[in-house]
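Heads up, the thing below is written out as structure tokens.
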Amino acid sequence: MKRVLDLGCGFGFMTEFIAKRVAHDAEMTGVDVFPANEKPYLDAVRSAGRRGRFICAALEQSLDWPDRFFDLVVASYSLYYFRRLLPEIARVLAPSGLFFASAHSTRSCLDMLDSLGLSPAATDLTLLALGFSAENAGDQLREHFEQTVRIDYHNTLLFDGSPEGEADWLAFVRFKLPLLVPACQQESDAAADAVIEKARALLAREGTIILDKSDAGFRCSGARCR
Ligand SMILES: C[S@@+](CC[C@H](N)C(=O)[O-])C[C@H]1O[C@@H](n2cnc3c(N)ncnc32)[C@H](O)[C@@H]1O
């Protein structure tokens, strides 16, 4: 595999994992809307000993590469932001190319909201979870790929009431805040503070919090190009 594209690459966690398993002269391209991800992404590529480039762009429904250009395209926990790109992903994949997408389960998202007493109707998390989830991704992907193999990752998160458990729990909730509280940009938002306080009180009351965190990955081949 020589040409790899990571859509919504973030800090490059997935690229780093893949980079160690592809040709030494492979070029890793990461695209993300968030400019601050450039440095961590390129650091991740370098640490795997590969060449890479970062493109800062908001993906919507088209890609700027020629047909059949990439050997591997990945969208790790990101395709729900730009699902309309699926026909283009199929177009830029080589005939023997692979597409890998991962998605959270709807259950895991609802579990999180439920534990914090938040209404599913009011959060971006629900929109994302319902739009492209472990449960419905297969049907969407089969429209664009001849073969789609689902790989389940069953997982549970457990936060206990120790100081470390509380720190991990609050860090996890803070990381999810932009999805839990729409339009929340800063930790100082009143709505965001309220969610953090709710989370703190919940752990103090329950002693332990256990969340379903099951995900699924989808390995797709045989791109259907229209
Ligand atoms: C949940 S993170 C996943 C990051 C990375 N793929 C990983 O697995 O660690 C989703 C990423 O998608 C990016 N993103 C969201 N909407 C985007 C868009 N329209 N175009 C490009 N990147 C986008 C975000 O900035 C974020 O880095």
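Keep in mind that what you see is a predicted model, and the values were worked out from it rather than measured. Whatever order the structure lists them in is the order used to number ligands and atoms, beginning at 1.
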Where at least one partner belongs to residues 2-33, residue pairs that pass ring-ring contact (aromatic ring centres under 6.0 Å, His included), sequence neighbours excluded: Phe11-Phe13
Subset of ligand 1 atoms that lie under 4.0 Å from at least one heavy atom of Ala57: 20 (N), 21 (C)
Polar proximity ligand 1 side, Leu59 side, N/O cut 3.5 Å exclusive: yes
Would you mind listing which atoms of ligand 1 come within a distance below 4.0 Å of any non-hydrogen atom of Ala58? 20 (N)
Using ring centroids (six-membered ring only for Trp), state whether Phe159 and Phe172 fall under 6.0 Å. yes
When you measure from atom 25 (O) of ligand 1 to every protein heavy atom, which one gives the shortest distance, and what is it? Asp32 OD1, 2.7 Å
So which protein heavy atom does atom 1 (C) of ligand 1 come closest to, and at what separation? Tyr77 O, 3.2 Å
Nearest protein heavy atom to atom 22 (N) of ligand 1, by residue and atom, and its distance? Val33 N, 3.2 Å
With Asp152 via side-chain hydrogen bond (donor to acceptor under 3.5 Å, both in side chains) - residues at least two apart: Arg150
Between Asp71 and Arg3, is the closest basic N to carboxylate O distance under 4.0 Å? no
Is the shortest heavy-atom distance from the side chain of Leu157 to the side chain of Trp169 under 4.5 Å? no
So, are Arg224 and Glu146 salt-bridged, with charged N and O less than 4.0 Å apart? yes
Within ligand 1, which atoms have a heavy atom of Ser76 less than 4.0 Å away? 3 (C), 5 (C), 6 (N), 7 (C), 8 (O)
Around atom 12 (O) of ligand 1, find the nearest protein heavy atom and jot down its residue, atom name and distance. Gly8 CA, 3.7 Å
Show me which atoms of ligand 1 lie under 4.0 Å from any heavy atom of Asn37. 27 (O)
